[in-house]
Engineer: 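Let me begin by handing over the structure; questions about it come next.
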Amino acid sequence: MISHIRKTDEKQRWLFASTLLNAALAAAKLGWGWMMGSTLVVADGIHSISDVFGALLIFLALFFAAHKSEHFPYGLHKLEDLAAVLGGLGILYAGYEIVNSVFFEAGIETPREVWTTIGFILAIILVQFIFYFFELKAAQRLKSPGVKADAINWLGDIGAGFIVVIGLAAHHYEIPYAQEAAVIIIVIMILAGAYDVLKEGLLSLLDAADIEMNDTIRKIVMTEPDITNIKRLNVRKSGSVYFADIELNVAEVNAAKAHSSIDAVVNELHRKIPSLEAVTIHYEPEHPPYETIVKLLDEDKKHLSTHFGRTTWLEITHVTQDEQQVSQKLVKNPALDAPKGKAFRLIAYLLSIHTDRVIMGNADLDENILILFDALDIEIGYQGEP
């Protein structure tokens, strides 16, 4: 079992270690409390047993989170969020249990050796705090709500341990209200931790937008020079991973080059955001803020040409939506001197300058050219007599 865990996800290893440590400490508290006759230590041991189940729950959720199937193509990462919410509720219950045991339960027996018991509890608290510190660091690095919930849950055990220590010491020195003040401070810490865990888990379960991650992805995408605009950006958090769905405009109209730009964006996103599980990008060529009209002219630059591929001149006019002319220029047909395929070379050029409409003299164009114009959403119009 242990060798298998070591080969799997780091989040699973932390939860597995937490479960084992919790179980060991719970057994130690129960054994010591029974041996020393301390109901307070026994109660703390029982409290630790509840944490064992909490850590085990989150561990199992992480273990199955990456499982993918026909019914769950994105995996079961939401189990981690669900476990985080249940863990957060467990933290709230731990706070209630501490308050209830101190303020409402009576008959707590003092152990026969008070200072030895205090030293034992302090040693356990030190072990718990060391594990809590490093697990919380790992949760922040891994961006795992499940591991974070388990780390914060250690505060409940640490708080309960301090209550035992303060309660025993206060009883020994007969200091009034010291135990009550410590309980209030620790419960406030536990409630703050529970709020943080529950908030993060619930927001992820409800697919709330992660504004910070949206901004990070937007900055990375816009560093690619061929990307001109992001029309839509949806980022969904699931457990400790993210799924991004992006719709954008690309300046390059050549399909191969546009695809290369998109591949560069995807690779950069995965390189800079390791927690990005998958990214889907829909793209379309950027269209200029004006309409491009191309007239095919004969060699005299006045009459419309009736020969599509063999036209001599192109009059390129840019017109705004309110029919205001932005610019106009004459360009010699770049396909004119081609030995063959003049028509298709000219179409490629028209596509590269974002042509919306072509005007030429009356002519019977090849059906394949008409089909291609229709597929490229380029309108063709005829004027004059052939």
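We're numbering straight along the sequence, starting at 1. Keep in mind it's a predicted model, so treat the numbers as computed, not measured.
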Engineer: For His303, is the NE2 atom crowded, meaning more than 12 foreign heavy atoms sit under 6.0 Å from it?
Structural biologist: no
Engineer: Between Gln325 and Thr317, is any pair of side-chain heavy atoms under 4.5 Å apart?
Structural biologist: yes
Engineer: For a 4.5 angstrom cut-off between non-hydrogen side-chain atoms, does Val358 reach Leu296?
Structural biologist: yes
Engineer: The criterion is salt bridge (charged side-chain N to carboxylate O under 4.0 Å, His left out); which residues satisfy it with Glu268, sequence neighbours excluded?
Structural biologist: Arg271, Lys272
Engineer: Just jot down the salt bridge (charged side-chain N to carboxylate O under 4.0 Å, His left out) partners of Glu277, sequence neighbours excluded, or say none.
Structural biologist: Lys68
Engineer: Sequence neighbours excluded, which residues qualify as side-chain hydrogen bond (donor to acceptor under 3.5 Å, both in side chains) partners of Asp210?
Structural biologist: Tyr242
Engineer: Sequence neighbours left out, what passes salt bridge (charged side-chain N to carboxylate O under 4.0 Å, His left out) with Arg232? Give chain and number order.
Structural biologist: Asp245, Glu247
Engineer: Side-chain contact, heavy-atom cut-off 4.5 Å: Leu122 with Val165?
Structural biologist: yes
Engineer: Kindly state each residue pair satisfying ring-ring contact (aromatic ring centres under 6.0 Å, His included) with at least one member in residues 201-238, sequence neighbours excluded.
Structural biologist: none
Engineer: Going by ring-ring contact (aromatic ring centres under 6.0 Å, His included), name the pairs with one or both residues in residues 318-347, residues two or more places apart or in two chains.
Structural biologist: Tyr290-His318
Engineer: Can you tell if the side chain of Lys342 reaches within under 4.5 Å of the side chain of Leu346, non-hydrogen atoms only?
Structural biologist: no
Engineer: Would a 4.5 Å heavy-atom cut-off, applied to side chains only, mark Val85 and Leu205 as touching?
Structural biologist: yes
Engineer: Could you go through residues 369-379 and list every donor-acceptor pair under 3.5 Å that involves a side-chain atom there, pairing it with any protein atom two or more places apart or in another chain?
Structural biologist:
none

Engineer: How long is the span from the CG atom in Leu248 to the CG atom in Asn229, to the nearest 0.5 Å?
Structural biologist: 8.5 Å
Engineer: Under the salt bridge (charged side-chain N to carboxylate O under 4.0 Å, His left out) rule, collect the residues that match up with Asp207, sequence neighbours excluded.
Structural biologist: Lys78
Engineer: Enumerate donor-acceptor pairs with a distance under 3.5 Å from any side-chain N or O in residues 126-142 to protein atoms, sequence neighbours excluded.
Structural biologist:
unit_1: Glu135; atom_1: OE1; unit_2: Trp154; atom_2: NE1; d: 3.3
unit_1: Arg141; atom_1: NH1; unit_2: Glu10; atom_2: OE1; d: 3.2
unit_1: Arg141; atom_1: NH2; unit_2: Glu10; atom_2: OE2; d: 2.6

Engineer: Heavy atoms, side chains only, cut-off 4.5 Å: are Ile227 and Asn249 in contact?
Structural biologist: no
Engineer: With sequence neighbours left out, write down each residue that passes side-chain hydrogen bond (donor to acceptor under 3.5 Å, both in side chains) with Thr116, or none if nothing qualifies.
Structural biologist: Glu113
Engineer: My understanding is that only residues two or more places apart in sequence, or in another chain, count here; which of them pass ring-ring contact (aromatic ring centres under 6.0 Å, His included) with Phe120?
Structural biologist: Trp32
Engineer: Residues in side-chain hydrogen bond (donor to acceptor under 3.5 Å, both in side chains) with Asp337, at least two apart?
Structural biologist: none
